[in-house]
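To start, the structure under review is shown below, and the notes come after it.
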Amino acid sequence: MHQVPLFINGEFTQSSSSQLIDVINPANQEVLAQVPCATDAEMDAAIASAKETFKTWKEVPISERARIMMKYAALLKENHDELATIICHELGKTFEDAKGDVWRGIEVVEQAANAPSLMMGETMENVARKIDTYSYMQPLGVCAGITPFNFPAMIPLWMFPLAIVCGNTFILKPSEQDPLTPMRLAELFVEAGAPKGVLQVVHGTKPQVDRLLEDPAVRAISFVGSCGVGEYIYSKGTANLKRVQACVGAKNHMVIMPDASKSHVVNNLVGASVGAAGQRCMGISVAVFVGQAKDWVDEIKAGFENVRPGVWDDANAAYGPQTSKAAKDRILSLIASGKEQGATCLIDGSDFTVEGYEQGNWVGPTLFTDVTTEMDLYKEEIFGPVLACMFVDTLEEAIELINNSPYGNGTSLFTSSGAAARKFQHEIEVGQVGINVPIPVPLPFFSFTGWKGSFYGDQHTYGKQGIRFYTETKTITSRWFEDDIASGPNMSINLK
Ligand code: NAD
C-alpha cells in the first residue's frame, strides 16, 4: 500500500507514525493510499526547517522569487490534466470539474508572479524639511495553511505561492481525505526551482494542527474549512498572537426576479446548486423566487431530472459521489429532516446509485419547496446536491431573508433590471455578489471576500489582501544631514 510521504526540509520522507488514514476513491471505496498523522518530532522538524530556511529565503531578490512562480505556473499548465486525474480518483469530481479546480489555482500562481508590483510600498519626500518617509512590505516568517477536501488543488494554491513569493516559508497541512493532489503540487514546485525548505507538507488532523497553532515560530495561519474548526483555529491561533484568516462554511442564496431570463435562470441554478455534488462553498443551496418567478419551479424540477451523476471519466456525468460515507449519511439525514419538518420534497436523491459503482457515496439531485427558516434543511450547511426553494413577494423581503442569515459567503441575483441589481448589490450583507452570475468567485487580482459567519479575520485570501496578510509594513523616516551643526535637542515629537 502506497504511504503518502511527508515533505520536510526538501525531502519526501516516509513518516514513522503508526497512525494511518485510508485515502479512498469515493466512487468505489478502493483504498488508493494511506496518509500518516505526522509525529510530534516530524512536526517539529518541519517547523524548524521552515524557520531556518526563512533566514536565507527572505534575502532572495523578489524578481528571482517571482520567476519561480512563472516557471511553476507553466509546469502546472503542462501537468494540468494529470493533476485533474488525481483529483478525479481521490475526490470523485468529473474530469471537467477537476480541471476547473486546477485552473483556478493556476490563476493564483500567475498572480503570485506579479508580486514585485504588488509588494511595492509607499513613498513621500519632504514630509518635514529634508525628511522623507517610505515603506516596505516585508515577509513575516513561517506561515502555515490548513486546507479542506473540496478543492485539493485550488485551495492550497490560494495560499503557499503567495506566502512564499512574499519571502515567507510555508507549512501546508492538506486535507487527510485527498492529500495526493497537494503532494503532486509540491513535487512540481520543487521542479520549478523552489529551494529546499521553503515549502513543507505535513499530514494529520487536529493534533498536527494544534502543533502549528501552538509553536511561536508560526506567525500566520490560513485556514479554509468548516465553521466549527475555523472558529477553533481562529480563536486558538489569535490567542497565541498569530495572524489568522479563516474562510469557513456557507449557505448561499440565489434570488430570482420575475423579469429575469427564464432559460438563464434554469441553466445557472441547476449547475450552481448540484454541480460538484454540492460540495462547493460558493454553490447555491437556497433559491429565493420573487413574485411570479415561483412559476418556474416546474422547469427547475425538469432541469434536475435531467442531471445524471456518474464516475469521473463518464463524459456525460454531471457530478460525482460525495467525498465520504459520513458526508453522504449526513446529507441523507438532513434530507430526512426536511421531510419530517414539513418541506415538500419534489425530487429525492436519497436512494440514487450508479450502475457498476453501487458502493459509491452517491446522492442524486434533490429539490425541496415550502422550506422555512426554522428547518434544519435551511439552517445547516448541507454540502450536498440539495436545493431548497423559497418564495417571497418582493425584492426587499428577499434581501431581508439573506441579511438575517448568519452566513455571508456568496449570493446572486438574476434580473434584467439595473435598478434591482443596484439595490441588491448595495443592500445585501454578503461579501461576494453575482449579478446574473451564479457563483461569483473573484479572480485572484481581487480577493475572496466572504463576510459574517463565513469568514473570521480581516485580511482576506489572495489578491492584494492576501499579500497584506503575508507581509508586515515597515515605515522608514529618513534624514541626511548636510552639515554637522546641531541646533540643540528637539524636545517635541514634531518633525522639523
Ligand atoms: P473541515 O473543517 O472538516 O477540515 C478542514 C481542515 O481542517 C482539514 O485539513 C482537517 O484535517 C482539519 N481539521 C479537521 N478537524 C479539525 C480540528 N478539530 N482541529 C483542527 N483541524 C481540524 O472541512 P472539510 O470537510 O474538509 O471542508 C468542507 C468545509 O469547508 C465546508 O464547510 C465548506 O463550506 C468549507 N469551505 C469553505 C470555503 C470558503 O472559502 N469559505 C472554501 C472551501 C470549503
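FYI, side chains are in, hydrogens and waters are out, and symmetry mates aren't considered; it's all heavy atoms of this structure. Order of appearance sets the numbers: ligands from 1, and atoms from 1 within every ligand. What you are looking at is a predicted structure, and each value in this text was computed from that prediction instead of being measured.
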A student checking ligand 1 against Trp158 at a 4.0 Å heavy-atom cut-off should list atoms 40 (O)
Nearest-neighbour protein heavy atom for atom 36 (N) of ligand 1, which is reported as residue plus atom name and distance: Cys281 CB, 3.6 Å
Walk me through it: do Asn9 and Gln200 pass the test side chain to side chain donor-acceptor pair (under 3.5 Å)? CA-CA 7 Å; Asn9 197 27; Gln200 326 268 333; 5.3 Å; no
Which is closest to atom 18 (N) of ligand 1 in terms of heavy atoms, Glu381, Lys206, Gln432, Lys173? Lys206
Which residue and atom name correspond to the protein heavy atom nearest atom 41 (N) of ligand 1, and how close is it? Val248 O, 2.7 Å
The test is salt bridge (charged side-chain N to carboxylate O under 4.0 Å, His left out); show your working for Lys251 and Glu380 and say whether it passes. CA-CA 8 Å; Lys251 197 82 193 174; Glu380 296 284 317; over 6 Å; no
Could a heavy atom of Ile155 be found less than 4.0 Å from some atom of ligand 1? yes
If we number the atoms of ligand 1 from 1 as shown, the ones under 4.0 Å from a heavy atom of Phe448 are 39 (C), 40 (O)
Check ligand 1 against Val209 and write out every atom of the ligand that is under 4.0 Å from a heavy-atom position of the residue. 20 (C), 21 (N)
What protein heavy atom sits nearest atom 10 (C) of ligand 1, and how far away is it? Glu176 OE1, 3.5 Å
Out of Val229, Ile146, Val441, who gets a non-hydrogen atom closest to atom 13 (N) of ligand 1? Val229
At under 4.0 Å between heavy atoms, is it the side chain or the backbone of Arg280 that contacts ligand 1, or both, or neither? neither
For ligand 1, which part of Asp210 has a heavy atom less than 4.0 Å away: the side chain, the backbone, both, or neither? neither
Salt bridge or not between Glu374 and Lys379? Use side-chain N to carboxylate O under 4.0 Å. no
With rounding to the nearest 0.5 Å, note down the distance linking CE in Met159 to CZ in Phe223. 8.5 Å
May I ask you to say whether Glu52 pairs ionically with Lys196, meaning some side-chain N is under 4.0 Å from a carboxylate O? no
Nitrogen or oxygen of Ser226 less than 3.5 angstrom from that of ligand 1: yes
Test of proximity, Val224 against ligand 1: N or O pairs below 3.5 Å: no
Lys/Arg-Asp/Glu bridge criterion (N-O < 4.0 Å) met for Lys93, Glu96: no
Under 3.5 Å, N or O to N or O, is Phe149 touching ligand 1 that way? yes
Does CD belonging to Gln19 count more than 12 external heavy atoms closer than 6.0 Å? no
What I want to find out is whether Glu381 reaches Arg330 closely enough, with some N-O distance under 4.0 Å, to be called a salt bridge. no
Closest contact, heavy atoms only, Leu334 versus Leu377: O-CD1, 3.7 Å
Is it true that Phe455 lies under 4.0 Å from ligand 1, counting heavy atoms only? no
Protein heavy atoms: any of them under 4.0 Å from atom 4 (O) of ligand 1? no
Can you pull out the closest protein heavy atom to atom 27 (O) of ligand 1? Residue, atom name and distance to 0.1 Å, please. Pro148 CB, 3.2 Å
Element-labelled atoms of ligand 1 that are located less than 4.0 Å from some non-hydrogen atom of Asn150: 43 (C), 44 (C)
Mind checking the OG-CZ spacing from Ser222 to Phe469? Nearest 0.5 Å is all I need. 4.5 Å
d(Thr369 OG1, Phe289 CZ) to nearest 0.5 Å is 9.5 Å
Is it the side chain (CB and beyond), the backbone, both or neither of Phe383 that lies under 4.0 Å from ligand 1, heavy atoms counted? side chain
Can you name the atoms of ligand 1, numbered from 1 with element, that are less than 4.0 Å from a heavy atom of Phe223? 2 (O), 5 (C), 6 (C), 7 (O)
Run down the list Gly225, Pro179, Ser175 and name the one with the heavy atom closest to atom 30 (O) of ligand 1. Gly225
Do the charged groups of Asp210 and Lys206 touch, with an N to O distance under 4.0 Å? yes
Quick one: which ligand 1 atoms are inside 4.0 Å of a heavy atom on Gly249? 32 (O), 34 (O)
Ligand 1 versus Thr147, non-hydrogen atoms closer than 4.0 Å: side chain, backbone, both, neither? backbone
Below 4.0 angstrom, N of the basic side chain to O of the carboxylate: do Arg280 and Asp97 qualify? yes
Is it true that Arg211 and Asp44 make a salt bridge, defined as a side-chain N closer than 4.0 Å to a carboxylate O? yes
